[in-house]
There are 2 protein chains.
Amino acid sequence: MSNRKQVAQLAGVSEATVSRVMNGIGPIKESTRQKVLDAAKQLDYYPNDVARRFAKKQSGNIGVVLPFVPKVNLFSTFYFSEILSGIGEMLHESEYDLLLLFRDADGPKDYSRWFKTGKVDGLIILGSSDSQEERNALLQLADHHVPFCLVNQRYDEEKLSYVDGEHVSGSREMTAYLIQQGCRRIAFLNGPLAYSNSRDRLLGYRQALEEHGIEWNDQYLFYGNYSRKSGAQQAELILKLLPKLDAVYAANDRMAIGVMQTLKQAGIRPGHDLLVAGYDNSDASSVSDPPLTTVHVPFHLMGREAAKYLLRQFGCKEQPEIIQLKLDTKLIIRASTTKN
Amino acid sequence: MSNRKQVAQLAGVSEATVSRVMNGIGPIKESTRQKVLDAAKQLDYYPNDVARRFAKKQSGNIGVVLPFVPKVNLFSTFYFSEILSGIGEMLHESEYDLLLLFRDADGPKDYSRWFKTGKVDGLIILGSSDSQEERNALLQLADHHVPFCLVNQRYDEEKLSYVDGEHVSGSREMTAYLIQQGCRRIAFLNGPLAYSNSRDRLLGYRQALEEHGIEWNDQYLFYGNYSRKSGAQQAELILKLLPKLDAVYAANDRMAIGVMQTLKQAGIRPGHDLLVAGYDNSDASSVSDPPLTTVHVPFHLMGREAAKYLLRQFGCKEQPEIIQLKLDTKLIIRASTTKN
DNA sequence: GTGAAAGCGCTAACAC
DNA sequence: GTGTTAGCGCTTTCAC
């Protein structure tokens with residue numbers, strides 16, 4: 001592996017000149033530029049990135065934090081893939097690399113160590129969920145004035161940057177739609193309230209009920225953990241309400257699919273005997289049977305926006321700006337609510 | 001952000017001593033160790049990773065190459081998520097970080113630049129497909145004697161390391177199973193032959209036919225591109241053979257699901273009127289309707305093994321060893337082939 | 001056990 | 001336009 005010194009020697013110029021050529025900055029006589037380029041080509045020289053970043057006191061990395069592996073499947077992998085690919089797309093044009101980081105399974109939460117060791121210049125945090133510890137770790141980061149951004153999770157009371165979806169209105173639209181379809185007794189299978197996602201959807205559900213003068217009924221509220229299995233399990237309980245139920249609305253597609261499985265096993269036809277709806281517009285929602293009415297969430301775009309935000313922070317020297325974006329969601333109507 | 005010098009000063013020792021303590025190497029008097037640790041804590045000191053890697057002349061990164069974004073969805077994202085999480089799991093215990101890299105959409109293929117710029121110490125390549133250019137890029141890497149590893153793709157004629165699944169036998173078992181179920185006229189919907197995956201499955205299919213004395217029939221062979229859409233499209237053609245067909249076996253689950261959709265639209269019941277099988281045992285295969293008979297591929301483990309291999313290479317100084325692993329696959333029987 | 005010092009391959013500031 | 005040089009914060013080797 002050759003280095004700059006060798007190129008400089010071969011080209012008969014100073015190392016500084018080699019740098020100028022490689023970085024395309026500063027005025028250079030075309031003839032020396034060519035000499036350098038030739039020498040570089042001849043020696044197969046590529047500037048060393050680690051050295052460069054060391055000298056610049058920047059890691060050149062954006063870290064993306066994921067839940068530790070086993071937990072990934074709790075969520076749809078769809079959700080993560082989409083966000084990741086959005087981030088990757090945005091970073092692809094930039095000088096920054098994407099470092100994949102895994103939250104520790106146990107042990108104290110500490111995001112700041114990735115900054116302190118200089119591993120990353122910015123952080124995008126996925127799958128964060130509210131707990132005192134998590135909140136502290138995040139606030140600590142904010143104190144350090146390092147750029148970071150949550151995706152698909154908010155802490156409304158805190159001044160933290162996030163890119164989220166419009167889940168309150170998404171959920172409200174979904175519920176209103178079900179009501180329009182003639183449903184008044186709508187079971188809602190929510191996810192853990194530690195996710196702002198879940199709280200948003202619950203709020204949207206309640207708002208829609210209120211707006212349509214439908215009384216709130218505790219019996220219709222269920223909780224799963226966003227896994228298909230939990231959907232299937234909760235559906236056992238939901239089944240017991242059956243004659244007096246018009247629809248089941250689950251807070252994500254995976255649970256909705258679990259619900260449909262249980263229903264079908266019990267001889268209840270989703271979409272006919274009982275309307276079923278999900279949330280996320282995941283791949284699975286379009287291939288399930290029946291296809292699932294759901295809410296599209298722009299995960300890919302959310303990833304892009306989060307990355308764009310960080311990139312912007314690196315540009316300017318001031319205090320990190322705070323962004324709090326909520327991107328539009330969209331109701332997707334499919335057979336699970338229309339076969340009536 | 002504090003550095004080693006400050007810690008050394010505060011602790012009243014040399015910088016070398018601070019290093020020894022931080023790295024836990026070399027003999028240290030317990031009392032000085034404490035002094036250093038106290039100083040480090042007081043200054044909130046974390047050794048700078050970039051500087052460290054620079055000095056060690058190692059990037060500390062393992063790069064994982066993915067197809068450029070738009071193409072990801074051709075494959076199941078399932079496949080990538082599983083492999084990635086396997087790699088992540090293996091690396092989590094190590095000193096190495098996971099750098100996510102995207103293959104250029106267009107432009108010349110060049111994996112070696114990531115080594116030449118010192119960005120990575122090793123590479124895991126996903127979604128590689130055979131072409132002259134790809135092959136050249138890979139052989140060039142091998143010439144440089146840098147450690148890298150393909151996952152779920154082989155180049156049999158070349159001395160390249162890979163971690164693959166036993167797809168020939170997987171496919172043979174699937175086909176044999178379908179034959180056992182009484183099928184003799186089995187359409188095979190394959191993926192592009194640029195993937196060793198596709199060639200393996202075709203071979204397994206042929207072997208099983210031969211072993212059971214069933215004559216090869218060109219008419220039963222179809223090609224898609226592993227997307228659901230292509231499965232749905234090819235199914236239109238497959239439909240035309242219908243009265244004289246017992247089963248459709250697709251080279252991955254996504255295509256199989258596409259096939260089932262088209263079949264259902266045409267009033268053909270998958271699993272009753274025509275058996276359908278897929279490959280991969282993706283999430284979708286268990287929630288499709290009917291659930292899909294498929295072949296389980298240990299993607300997660302494949303990721304782990306690839307990462308383990310690279311880690312092992314970093315240990316020793318010799319020429320990189322070559323591994324060519326094929327991990328066991330397993331037939332998963334579900335309703336799409338059993339309702340008869 | 002501990003300290004001193006020479007790199008690692010760049011960037012950035014300044015000199016000419 | 002081009003050259004010189006002082007770092008960046010570590011590792012590593014050798015000296016004591």
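Just so it is clear: chains get the letters A, B, ... in the order the sequence lines come, proteins before strands, and each one is counted from 1. Just so you know, these numbers come straight off a predicted model, no measurement behind them.
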(message) Assess the residue pair A/Tyr155 and A/Ser196 against the criterion (side-chain hydrogen bond (donor to acceptor under 3.5 Å, both in side chains)); give the C-alpha distance rounded to whole Å, side-chain angles, the decisive distance to 0.1 Å, and a yes or no.
(response) CA-CA 7 Å; A/Tyr155 293 83; A/Ser196 58; over 6 Å; no
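Within 4.0 Å (heavy atoms only), B/Val13 reaches sugar-phosphate atoms of the nucleic acid but no base atom.
One axis for each end of the helix from C/dG1-D/dC16 to C/dC16-D/dG1, each built from five base pairs, and the angle between them comes to 30° at 10° resolution.
OP1 or OP2 of D/dT2 has at least one side-chain nitrogen or oxygen of A/Thr32 nearer than 4.0 Å. One finds no side-chain N or O of B/Ser14 lying less than 4.0 angstrom from the OP1 or OP2 phosphate oxygen of C/dA4.
The shortest distance between side-chain heavy atoms of A/Leu101 and A/Val120 falls below 4.5 Å.
Among pairs with a residue in residues 18-61 of chain B, those fulfilling ring pair (Phe, Tyr, Trp, His ring centres under 6.0 Å) read A/Phe54-B/Phe54, at least two apart in sequence or across chains.
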(message) So if I define the base as every atom that isn't primed, P, OP1 or OP2, how would nucleotides 7-16 of chain C read as a B/S/- string at a heavy-atom cutoff under 4.0 Å?
(response) -BBBB-----
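One atom, CD of A/Gln34, and another, C1' of D/dG1, lie 16 Å apart when rounded to the nearest Å.
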Scan the side chains in residues 131-140 of chain A for donor-acceptor partners under 3.5 Å anywhere in the protein, sequence neighbours excluded, and list what turns up.
from     : atom 1 : to       : atom 2 : distance (Å)
A/Ser131 : OG     : A/Glu134 : N      : 3.1
A/Glu133 : OE2    : A/Lys109 : N      : 3.0
A/Glu134 : OE1    : A/Tyr111 : OH     : 3.1
A/Glu134 : OE2    : A/Tyr111 : OH     : 2.8
A/Glu134 : OE2    : A/Ser128 : OG     : 2.7
A/Arg135 : NE     : A/Asp130 : OD1    : 3.3
A/Arg135 : NH1    : A/Glu157 : OE2    : 2.5
A/Arg135 : NH1    : A/Glu158 : OE2    : 2.8
A/Arg135 : NH2    : A/Asp130 : OD1    : 3.3
A/Arg135 : NH2    : A/Asp130 : OD2    : 2.6
A/Arg135 : NH2    : A/Glu157 : OE2    : 3.0
A/Gln140 : NE2    : A/Ser112 : OG     : 3.3

Kindly list each side-chain donor-acceptor pair under 3.5 angstrom involving residues 21-30 of chain A, sequence neighbours excluded, with atom names and distances?
from    : atom 1 : to      : atom 2 : distance (Å)
A/Asn23 : OD1    : A/Arg52 : NH2    : 2.6
A/Asn23 : ND2    : A/Ser19 : O      : 3.2
A/Glu30 : OE1    : A/Arg33 : NE     : 3.2

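For the segment residues 112-121 of chain A, no residue has any heavy atom less than 4.0 angstrom from an atom of DNA chain C.
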